[in-house]
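Being a predicted model, the structure only gives us computed values, none of them experimental. Excluded from the calculations below are hydrogen atoms, water molecules and symmetry mates; all remaining heavy atoms, backbone and side chain alike, are included.
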Amino acid sequence: MSQTYIDPSPANFQAFKDLPRDEPIQMLNLLQFRDQAEYPAGHEHADKGWSGQRAYVEYGKTSGPIFERVGGSIVWRGAFQTMVTGPDAKQWHSGFVAHYPNAGAFFEMITDANYQLAVVNRTAALVDSRLMRFEPGETGGGFG
């Protein structure tokens, strides 16, 4: 059985927190949606019969204003087509790169009380995900 990931492990999150917070960052997000969203019992969306993708749209609607307020922006977004290098069984539905003016902005977002309410939609939506922090680099030119 393959392992899935929705939230960071304590060790991975500590490694993230130990990196500088005053530098721009870009976060690569890979998403695999549930067929059916899984909300906690009693949640306002629990009985709506939403797909995981629909629940993720709700996450975007509810977290988007906070993301924009902290200075976040999407610099790339794409829909998965096929695995070229990697495990054949892994299929991502969507991916994007989010840019933050600094890592402190990311922390501001995830600790915002309204974001905490919105993130339940992300958890309900995803069966698996990856979130990776990168230092922005030069664009254009070749691979080197």
Side-chain angles (χ1 to χ4, degrees), residues 1-140:
M1 171 139 186
S2 66
Q3 230 176 338
T4 60
Y5 303 88
I6 305 298
D7 297 313
S9 70
N12 286 357
F13 194 60
Q14 186 61 53
F16 179 87
K17 292 190 312 187
D18 290 344
L19 291 170
R21 295 190 186 193
D22 59 350
E23 300 173 352
I25 63 169
Q26 292 182 338
M27 302 287 278
L28 172 61
N29 292 256
L30 300 175
L31 310 171
Q32 186 180 37
F33 300 117
R34 296 178 188 279
D35 291 333
Q36 186 81 26
E38 291 185 10
Y39 282 97
H43 188 274
E44 65 179 312
H45 302 315
D47 296 324
K48 292 185 176 177
W50 285 354
S51 68
Q53 189 167 13
R54 172 60 183 89
Y56 201 82
V57 167
E58 190 68 16
Y59 168 67
K61 286 173 33 180
T62 55
S63 67
I66 303 155
F67 175 65
E68 292 173 7
R69 179 178 48 78
V70 302
S73 62
I74 302 298
V75 297
W76 172 86
R77 180 185 312 275
F80 179 83
Q81 292 183 320
T82 190
M83 185 68 71
V84 178
T85 302
D88 294 337
K90 182 47 66 186
Q91 302 285 309
W92 300 108
H93 292 124
S94 181
F96 64 93
V97 174
H99 175 84
Y100 296 87
N102 54 60
F106 179 82
F107 283 106
E108 181 181 342
M109 180 184 75
I110 65 172
T111 58
D112 181 282
N114 288 324
Y115 181 84
Q116 293 296 315
L117 295 173
V119 79
V120 70
N121 295 299
R122 180 184 183 279
T123 302
L126 298 175
V127 68
D128 199 7
S129 68
R130 299 295 185 274
L131 180 61
M132 294 166 258
R133 175 179 165 163
F134 288 87
E135 176 183 354
E138 296 292 321
T139 58

**Student:** Taking only residues two or more places apart in sequence or in another chain, which ones pass side chain to side chain donor-acceptor pair (under 3.5 Å) with Asp18?
**Tutor:**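 Counting only residues at least two positions away or on another chain, Asp18 forms a side chain to side chain donor-acceptor pair (under 3.5 Å) with Gln14.
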
**Student:** Between His45 and His43, how do the two ring planes meet: parallel, tilted or perpendicular, split at 30° and 60°?
**Tutor:**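 It falls in the tilted class, 30° to 60°.
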
**Student:** Got Phe33 and Arg54 here, is their nearest side-chain heavy-atom distance under 4.5 Å?
**Tutor:**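 The answer is no; the side chains never approach within 4.5 Å.
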
**Student:** Under the 3.5 angstrom rule, does the side chain of Asp128 hit a backbone N or O of Leu126 as a donor-acceptor pair?
**Tutor:**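 A pair under 3.5 Å: no.
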
**Student:** Looking at Gln91, is its backbone amide N or carbonyl O close enough to the side chain of Gln32 to form a donor-acceptor pair, meaning the two atoms are under 3.5 Å apart?
**Tutor:**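 A pair under 3.5 Å: yes.
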
**Student:** Does the gap between the ring centers of His93 and Phe80 come in under 6.0 Å?
**Tutor:**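 That pair fails the under 6.0 Å test.
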
**Student:** Counting N and O atoms only, with roles assigned by atom type, does the side chain of Ser129 sit under 3.5 Å from a partner on the main chain of Tyr5, one being a donor and the other an acceptor?
**Tutor:**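 Yes, because the side chain of Ser129 sits within donor-acceptor range (under 3.5 Å) of the backbone of Tyr5.
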
**Student:** Run the side chain to side chain donor-acceptor pair (under 3.5 Å) test against Gln53 and tell me which residues pass, sequence neighbours left out.
**Tutor:**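 Result, side chain to side chain donor-acceptor pair (under 3.5 Å) vs Gln53: none returned.
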
**Student:** What do you reckon, are the aromatic ring centroids of Phe106 and Phe67 less than 6.0 Å apart?
**Tutor:**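 Not close enough - the centres of the two rings lie 6.0 Å or further apart.
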
**Student:** Quick one: list whatever passes ring pair (Phe, Tyr, Trp, His ring centres under 6.0 Å) with His99, sequence neighbours left out.
**Tutor:**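 His99 satisfies ring pair (Phe, Tyr, Trp, His ring centres under 6.0 Å) with no other residue.
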
**Student:** Checking side-chain polar atoms at under 3.5 Å, does Tyr39 have a donor or acceptor matched by the opposite partner on Asn121?
**Tutor:**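 Yes - a donor-acceptor pair under 3.5 Å links their side chains.
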
**Student:** Got Met132 and Leu30 here, is their nearest side-chain heavy-atom distance under 4.5 Å?
**Tutor:**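 Met132 vs Leu30: side chains touch.
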
**Student:** Verify whether one side chain among Glu58 and Tyr56 offers a donor that lies under 3.5 Å from an acceptor in the other.
**Tutor:**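 Looking only at side-chain atoms, Tyr56 and Glu58 do not form any donor-acceptor pair under 3.5 Å.
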
**Student:** Checking Arg21 against Phe107: charged group under 6.0 Å from the ring centre and within 45 degrees of the axis?
**Tutor:**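 Yes - Arg21 lies over the ring of Phe107, closer than 6.0 Å to its centre and within 45° of its axis.
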
